[in-house]
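Lettering follows sequence order; numbering is per chain, from 1. Worth knowing before you read on, the calculation uses all heavy atoms, side chains too, and leaves out hydrogens, waters and symmetry mates.
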Amino acid sequence: MIAEVYIDIPANPVNKPFDYRIPESLEGVVAPGMRVTVPFGRTRRLGFVTELKEVSTFKKLKAIDSVEDHAPVLTQELIDLGRWLADSILCPTVTAFQAMLPAAMKAEYKKIIKIEQPEQLKIEDADLASFFETTKQPIWSEIVKSHSELLKRINRAIRQGSLSIHQLVRNQATVKKVSVISVCATKEQLRLELAKLDDRAKRQKEALQFFIKQSDLSSFHSPIHALVKDGLSRDAITKLVDKGLLHLDQMEQFRDPYKHPVEQTKPLNLTDEQAKALAPILQSMNENEHRVFLCHGVTGSGKTEIYLQSIQRVLEHKRQAIVLVPEISLTPQMVLRFKGRFGDQVAVMHSGLSRGEKYDEWRKIREEKVQVVVGARSAIFAPFKKLGLIIIDEEHESSYKQEDMPRYHARDVAIHRAEKHHCPVVLGSATPSLESFARARKQVYTLLSLKERVNHRPLPSVHIVDLREEMRQGNHSVFSKELLEKVKDRLQKNEQTVLFLNRRGYSTFVMCRSCGTVVKCPHCDISLTYHRTQHSLRCHYCGYEQNVPATCPTCDSDAMRFFGTGTQKVEAELNRLLPEARVIRMDVDTTRKKGSHEKLLRQFGEEKADILLGTQMIAKGLDFPKVTLVGVLAADSLLHLSDFRASEKTFQLITQVSGRAGRHSLPGEVVIQSYTPDHYAVIDAARHDYESFYREEMTIRHRWGYPPFFYLVLISLTHPDPAKVAVAADRIAAILKNNLSDSTQIYGPVVPSVSKIKDRYRYQCMVKYKREPALVPVLHQILQHFQETGKDSLQVSIDLNPVALM
DNA sequence: AGCACGCCGACT
DNA sequence: GTCGGCGTGCTC
């Protein structure tokens with residue numbers, strides 16, 4: 001038998017299956033979807049078996065070395081999905097496979113130097129021989145790092161055959177094991193041993209007495225650490241194991257990040273609206289019919305309950321469900337809602353888990369120990385065999401699109417998988433993406449509308465504050481008079497406030513007042529942000545950090561001033577203006593440590609703070625009864641991005657943040673501060689009028705030829721040498737113009753607004769098209785010709801349907 | 001991605 | 001003459 005194998009090298013020239021002979025010893029063991037180690041060129045690599053066959057067009061086949069998995073890690077459906085994905089987003093097929101598996105399953109490659117002829121080596125190079133005698137595990141890469149002076153001599157020894165190099169392929173995935181003790185003796189035998197034991201063996205006697213006391217010895221088993229915790233001695237137990245009275249077993253265990261028992265909840269009564277929305281989803285499941293639903297429901301309209309009750313039906317049908325939630329709203333609160341309803345049938349996948357935990361959650365899915373997975377983007381690849389439903393909450397979120405290779409959109413993958421499984425997809429959002437809403441309008445998707453909050457809580461009243469007016473009246477603070485008054489009022493009433501600002505750090509840039517120089521990152525084309533806690537300037541793109549210059553680096557004047565406002569500055573302002581207020585700040589800087597995100601939210605929930613101040617990450621999912629005021633400090637901070645989705649993002653953000661107010665019995669109020677208070681994104685968000693925003697934005701998209709009216713492709717090039725990128729960009733633009741149809745428009749090459757990142761200069765070309773059959777072949781050709789490998793080379797990245805034009 | 005092959009310059 | 005620079009091309 002012959003296996004087709006995709007080699008674990010994400011590069012163009014090896015992006016095709018390689019044939020390998022299956023040795024007799026592995027006949028019947030190797031199956032499609034398994035990982036194998038194979039000899040490749042002069043190295044050994046991991047590969048994915050995609051197919052078995054009888055004949056190959058190749059004459060001399062190498063044999064598979066070993067199999068890495070007992071059972072396939074990719075189902076047939078996922079293998080096909082990987083191929084489809086690679087084709088549709090132009091990435092190597094292995095990259096697609098890799099994305100479907102937890103990181104722990106990525107192979108680790110090591111080269112180890114082995115001594116073949118110790119005697120010969122001693123004669124030829126006694127020095128080297130003694131070096132290898134003292135190093136236990138001579139790993140090639142480590143020797144290159146710390147003993148590079150030896151390399152020449154090692155190479156010569158290899159040529160002469162006294163040393164050789166061994167390629168190791170290590171699978172990082174490890175299964176956690178626990179030692180379990182059972183008893184393989186009768187009580188009689190135990191009593192006999194007890195009598196025989198020396199008086200000094202006090203601990204062994206204790207242990208024996210413990211086991212004699214057990215009611216049912218034959219079925220007794222317990223992890224060894226539990227026995228130790230109960231006061232028995234580990235040494236005594238192992239002694240008894242040695243004597244053959246006890247038995248020690250290794251048992252596989254899942255690492256469980258959510259081990260606390262969860263109180264079970266029951267389905268809630270649905271409102272008429274909710275019931276009306278749920279019915280067609282259930283019907284579609286009953287009929288095994290693939291349909292895409294767009295559930296457009298205002299914040300607080302009870303979409304989650306609809307999800308939960310649809311999943312209920314999935315489980316009744318003995319099928320499985322995937323629930324995608326944006327990473328930042330995958331809070332413990334959210335997880336609890338699903339665990340509360342479905343208990344241990346739920347696996348959770350998100351970045352906060354350790355490698356091992358993620359691997360175990362994944363294994364629970366593959367081994368069919370769970371029926372539901374709640375997770376961020378990559379959970380869309382959960383290896384379920386009988387999918388009954390896929391839910392994508394907050395469907396408009398840009399985090400569903402992976403921003404680096406493989407650049408897939410979880411929504412597209414979901415729809416593709418659901419088609420294969422003949423099951424529905426439910427997209428949920430209070431602010432659907434224009435693409436999705438347009439499809440619903442065209443009846444490609446089925447629209448489900450929830451216009452009211454559950455229990456008929458009114459949507460919060462929204463006030464827009466004109467910051468220009470505020471400036472004219474001499475108020476240069478980050479707080480308008482109105483907002484500050486309202487915050488004070490909440491403090492007095494013992495209610496809580498959420499303040500939202502989309503910038504972290506203290507101030508966004510440092511400028512010299514006398515010559516206008518702005519301090520920039522030496523590696524990126526971006527101004528540095530001042531962080532007050534460390535009193536340093538930092539680059540939010542590459543992490544570069546430097547001290548604040550005392551004088552201007554250009555003109556040497558000491559007129560360096562801080563401009564722009566970040567969360568740190570707002571925090572300082574709050575402390576100054578309202579010293580009695582307790583403030584929690586949440587941004588990347590305060591939530592870097594594992595678990596701190598949850599900790600801060602818990603503190604706020606327990607009313608240990610009056611004000612929650614934060615960036616993006618507080619816009620979603622928060623549901624605290626005492627929050628009656630939400631302030632958006634700079635509503636237009638996103639509007640000035642040179643991105644056709646700027647208005648859409650602004651509208652979504654304001655709507656989402658506003659939704660945090662007044663979710664319970666106390667009525668909510670929202671204050672939006674803006675320099676462009678008459679922008680339709682601001683006004684429509686304030687009026688909670690999605691339809692109106694949709695109409696205005698669609699007119700603009702139509703006028704400028706943006707999605708959903710046209711499709712986009714963004715081709716980005718980077719190179720350390722600005723001249724080289726420019727040349728390549730020109731040539732690529734020419735190829736596009738020559739090979740694509742006339743109705744397709746090619747823009748660029750242009751230098752993007754951030755022209756350099758991490759010492760690499762950037763250029764971009766954009767393609768706008770409606771129908772373009774030649775597109776994929778032409779893009780393939782470009783990748784083939786221009787994509788180089790290596791660090792100081794031209795990097796070409798192609799983004800089909802980009803979500804951001806950065 | 002690695003690694004070898006291969007063809008040019010500056011050294012024991 | 002050799003060592004070693006990195007351009008090119010292949011890996012079932």
Using a heavy-atom distance cut-off of less than 4.0 Å, which residues of residues 25-59 of chain A contact DNA chain C? A:P39, A:F40, A:G41, A:F58

Should A:Q167 be listed as having a side-chain N or O under 4.0 Å from OP1 or OP2 of B:dC3? yes

First-last contacting nucleotides on DNA chain C - partner chain A, under 4.0 angstrom, heavy atom: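 In short, chain A contacts DNA chain C from C:dG4 to C:dC12.
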
Can you check whether A:E68 reaches A:V73 side chain to side chain, under 4.5 Å on heavy atoms? no

Is the shortest side-chain heavy-atom distance between A:S741 and A:E772 below 4.5 Å? yes

Please check if any side-chain donor atom of [X] sits under 3.5 Å from a side-chain acceptor atom of [Y], or the reverse.
X: A:S399; Y: A:E327; result: no
X: A:Q167; Y: A:R42; result: no
X: A:Y763; Y: A:D730; result: no

Lys/Arg N to Asp/Glu carboxylate O, A:D799 vs A:K401, below 4.0 Å: yes

Under 6.0 Å between ring centres, would you say that holds for A:F18 and A:F40?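 Yes, close enough.
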
With sequence neighbours excluded, tell me which residues meet side chain to side chain donor-acceptor pair (under 3.5 Å) with A:K756. none

Taking atom P of B:dA1 as reference, at what distance in whole Å does atom CH2 of A:W140 sit? 20 Å

